[in-house]
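Read the structure below first, then the notes.
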Amino acid sequence: MKTLIREIGVIDKSGLKHPVNFKSGLNIVTGKSSTGKSALIEIFDYCFGSSENTVPKGVITASAVVYYVVLDVEEQVLVVARDPALPNKAFFKSLERFASEDIQQDFFENRYFRPLAEYKKYLRDLFIDIDDVDESLVARMYRRRKASTPSIRSFSSFILQHQNLVANKHALFYRFDEKEKREHVIDHTKIFLGLVDQDYFHLTQEKERLTGEVNGLKKQQDADNRAAKIYLDKVEPVLSHLYSMMGFEEAPIGLAQALRNPQLAKEQLDDIIVPEEIEHNSDAATKRYNKLKFELTAQTSELRKLQRKASSIRKHINEESKFLNSITELKSPDKVHVSTTVCPFCRTEKDALSESAVRLQNAIHKVSGNIASAKPMKAKFKSTLLEVERDIQSVNNSITRINQHILVIEKSEEKLAKRKTLYEAVLIEKAKLFMLLDTLNLSDDIALNKMLTELEGKLKDTNRKLLKYNVKQGLEKAAAKVNAYMADIGSKFEFENSYMPINLKFSFETFDLYHQTEEDEKIYLRSMGSGANWLYSHVTLFLALHKYFAELGSKCSIPSVLFLDQPTQVYFPNFKRDNSETFKEQKEEEAKLRSSHASERVVDEDIKAVENLFTQLAEYCVNIEEECGFSPQIIVTDHADDLHLSNEYDFESFVNGNRWRTRGLINPVPAQ
């Protein structure tokens with residue numbers, strides 16, 4: 001998101017204001033040690049909602065009563081501030097226009113200080129329009145709270161590179177040493193990059209709800225189908241026997257119809273099962289009886305086949321077990337003892353038998369080895385046996401059912417012989433059928449199917465809407481762009497020769513960074529060696545990220561600001577004790593110090609590398625401005641000064657008066 005820091009400052013105990021002004025593009029704050037350069041990044045972090053005040057202890061903390069930041073967010077001017085005496089509150093005020101002279105001590109009225117938690121939510125709403133990031137309401141129920149929503153604190157990982165981080169080989173992102181915060185940043189990146197919005201989370205919740213309801217109805221449908229099968233087994237023989245007793249060749253009311261609407265079936269059967277409808281000369285009952293007998297014979301024959309097959313398989317399993325046991329006890333001879341054959345007449349010795357014995361021994365070894373290494377078939381036999389046993393059970397059930405049908409007919413015939421009329425026997429079967437139909441309690445299949453169809457339609461529509469949110473593909477495309485940008489940006493920095501051409505790869509799913517060799521070996525930052533490599537890896541990655549963020553424009557919620565604190569320390573580690581009045585003096589002292597160590601690079605070589613770094617930062621901002629219409633704001637705090645940049649870039653224009661060699665952030669220092 002297009003963001004510009006206009007001013008960072010401190011109001012001291014005397015009411016004096018100590019501002020540092022910035023412009024778009026590259027900004028450089030240069031100066032000697034202990035002047036407050038690194039405090040700028042900490043002041044910004046504190047005003048941006050950090051619960052901890054990490055401004056370095058010293059003159060600044062002893063003097064400050066208010067830390068403040070003035071920034072533009074999408075052309076809206078905001079002033080955010082913190083009072084160290086009110087650690088649980090933060091100041092927020094929106095302005096129509098920015099005028100530095102308006103920011104004075106009386107500007108920070110108490111009524112604009114809000115509770116810190118409320119402040120962070122309010123500030124977040126300026127960048128992210130999202131309130132609910134739960135993808136699963138079931139998970140929320142078990143968690144007993146909503147999932148953590150994105151926080152402005154997550155932005156800090158993308159925009160702050162402190163001096164102990166900018167050239168760190170073990171860490172890339174600020175606050176990633178805290179596992180929970182790291183996971184939140186990675187998880188919420190899809191939101192920050194505009195890959196998902198609030199509708200996405202509502203749709204995923206709706207998908208989960210609809211999927212649950214559809215599965216529930218399908219289970220109910222399955223249960224109804226199972227119940228229908230049970231009732232089918234009970235009702236079918238009675239209904240079929242009733243029709244055969246009536247002499248009907250065709251069923252007037254089908255079984256499925258009777259099960260679907262039992263009450264209607266009873267009403268219709270009352271009109272059908274009457275004396276005048278009985279076909280006394282029909283042989284329907286006999287035909288049904290003979291058909292059942294034929295089915296019983298066929299099923300019995302099938303049962304016998306399956307039983308013989310099962311017996312054969314069991315025999316094979318037992319034989320194989322015995323065979324394998326005997327093989328383990330069998331040992332082939334190590335030696336073959338054969339006497340030499342001598343002709344009784346000429347006394348000539350023959351060794352042909354000896355050669356045959358050797359061949360026999362080799363054959364025995366080969367056969368024994370093949371048998372021993374052969375794969376046993378026991379597992380396959382057992383699997384086949386299990387299938388056969390299941391078939392046997394199924395046929396047994398079928399035989400039992402047919403026998404029950406035959407028994408019903410035979411008992412009915414016995415009862416018929418004892419009664420005066422066939423109709424009496426029919427009425428008994430009818431009463432039995434009606435009693436079964438009265439016990440039916442199946443759901444209305446039509447209503448169930450209609451409800452299921454409606455829900456599946458809604459689920460299909462929800463899935464269709466979710467298709468536009470292909471998060472995985474979106475993250476992969478984002479990484480591909482960042483990787484392409486890193487290839488271009490990294491080629492302009494002085495990585496060690498062993499890593500040239502540099503081929504850095506980054507993943508938005510894991511947030512890992514590595515150099516990929518031509519042999520596809522992945523060399524992670526921690527294994528690359530050299531502070532310069534670590535520095536350029538950090539700078540290359542973050543410049544590539546912010547180029548991608550700028551390209552996304554307002555779709556990306558991450559502020560287009562990047563702090564680089566002391567990036568040149570890998571070249572000038574001794575500058576931590578930089579107390580010279582000018583950078584030239586400090587550089588001369590560094591040259592003298594290095595002259596006593598033959599292995600040290602000369603200062604001028606490192607100065608060239610530093611000048612190239614700042615040149616590339618300047619070039620980067622200009623190029624992004626041309627491509628995207630605005631440039632990410634880069635704020636560099638460093639010791640380096642008086643540099644001669646390439647491509648006609650003027651170092652002094654980037655310093656813009658923020659040179660602290662004879663002063664510090666607090667200037668003048670209030671009297672104690």
| message | Taking the ring of Y548 and the ring of Y485, is the distance between their centroids below 6.0 Å? | response | no
| Can we call the ring centroids of F108 and Y68 under 6.0 Å apart? | yes
| request: Please check if any side-chain donor atom of Y46 sits under 3.5 Å from a side-chain acceptor atom of E52, or the reverse. | output: no
| said: Hydrogens and angles aside, do E611 and H644 bring a side-chain donor and acceptor to less than 3.5 Å of each other? | reply: no
| message | Counting the benzene-type ring for Trp, do H162 and Y174 have ring centres under 6.0 Å apart? | response | yes
| Looking at the rings of Y112 and F92, which for Trp means the six-membered one, are their centres under 6.0 Å apart? | no
| For residues N612 and Q616, is any side-chain donor paired with an opposing acceptor at under 3.5 Å? | yes
| remark: Sorted by chain and residue number, the side chain to side chain contact (heavy atoms under 4.5 Å, CB included) partners of K89 (sequence neighbours excluded) come out as L86, F113
| message | Which heavy atom of L525 sits nearest to which heavy atom of N533, and what is that distance? | response | CD1-O, 4.4 Å
| request: Walk me through it: do D642 and K584 pass the test salt bridge (charged side-chain N to carboxylate O under 4.0 Å, His left out)? | output: CA-CA 8 Å; D642 302 325; K584 180 180 179 181; over 6 Å; no
| Would you say the side chains of S507 and D512 form a donor-acceptor pair under 3.5 Å? | no
| said: I'd like to know whether the aromatic ring centres of F495 and Y499 sit less than 6.0 Å apart in this structure. | reply: no
| No-hydrogen, no-angle side-chain donor-acceptor test under 3.5 Å, D197 and Y469 | yes
| request: Please determine, by modelled atom types, if E7 and N21 share a side-chain donor-acceptor pair under 3.5 angstrom. | output: yes
| Do the side-chain N and O atoms of S24 and Q633 include a donor-acceptor pair separated by under 3.5 angstrom? | no
| No-hydrogen, no-angle side-chain donor-acceptor test under 3.5 Å, E605 and Y571 | no
